[in-house]
Amino acid sequence: GSAKSYICQAAMNELNPAILLKIVRTKMPFGKHEGWLLADLPVHYLEWFARQGFPKGELGMLLETVLVIKSNGLEDIIKELKLREKQRPK
């Protein structure tokens, strides 16, 4: 595949799979984008958190992970995860 898909694969291997699954399963519990999947949050909103300080605990870590993925142009990881989630037996 292309260099980009190679980088995506490497990043997916590097990132904890449990964390990746959480960003496509967890909804934002409060604020302007309440109810959105963390993976779908816009970059400007995540950058705002980066400036203000991410929430404490797991939520903050997940939000920061989404920002890292998106700001490194690795949205393909999120697309791939969402695809896998859709295909997952309920």
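Keep in mind the model is a prediction, meaning the values are calculated, not measured.
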Closest non-hydrogen atoms of P42 and W36, given as atom of the first, atom of the second and distance, are CD-CZ3, 3.6 Å
With R84 as partner, the option from R88, K86, E80, K82 fulfilling side-chain contact (heavy atoms from CB on, under 4.5 Å) is E80
- Task: State yes or no: do I77 and L83 share one hydrophobic cluster built from I, L, V, M, F, W and Y residues joined by side-chain heavy-atom distances below 4.5 Å, directly or via other members?
- Result: no
Taking every heavy atom of I19 against every heavy atom of M61, the minimum-distance pair comes out as CD1-SD, 3.8 Å
- Task: Return yes if some donor-acceptor pair links the side-chain N/O of K22 with the main-chain N/O of L38 below 3.5 Å, else return no.
- Result: no
Task: SB check E47 R51 (cutoff 4.0 Å) - done: no
| message | Can you tell me how the ring of H33 sits relative to the ring of H44, calling it parallel under 30°, perpendicular over 60° and tilted otherwise? | response | perpendicular
Query raised in the report: Are L46 and V68 in one and the same hydrophobic cluster, where Ile, Leu, Val, Met, Phe, Trp and Tyr link if side-chain heavy atoms are under 4.5 Å apart?
Result: no
When rounded to the nearest 0.5 Å, the distance separating CD1 of I78 from CD1 of I69 is 5.0 Å
For F30 and Y45, the nearest pair of non-hydrogen atoms, with its separation, is O-OH, 4.0 Å
So CG of L37 and CG of L81: to nearest 0.5 Å the spacing works out to 11.5 Å
From the list T65, L67, L59, side-chain contact (heavy atoms from CB on, under 4.5 Å) with L63 holds only for L59
Practice problem: Run the numbers on M28 and D40 for side-chain contact (heavy atoms from CB on, under 4.5 Å), then give the verdict. | Solution: CA-CA 10 Å; M28 189 64 191; D40 293 339; over 6 Å; no
Interatomic distance, CD1@I23 vs CD@E64, rounded to 0.5 Å, equals 12.5 Å
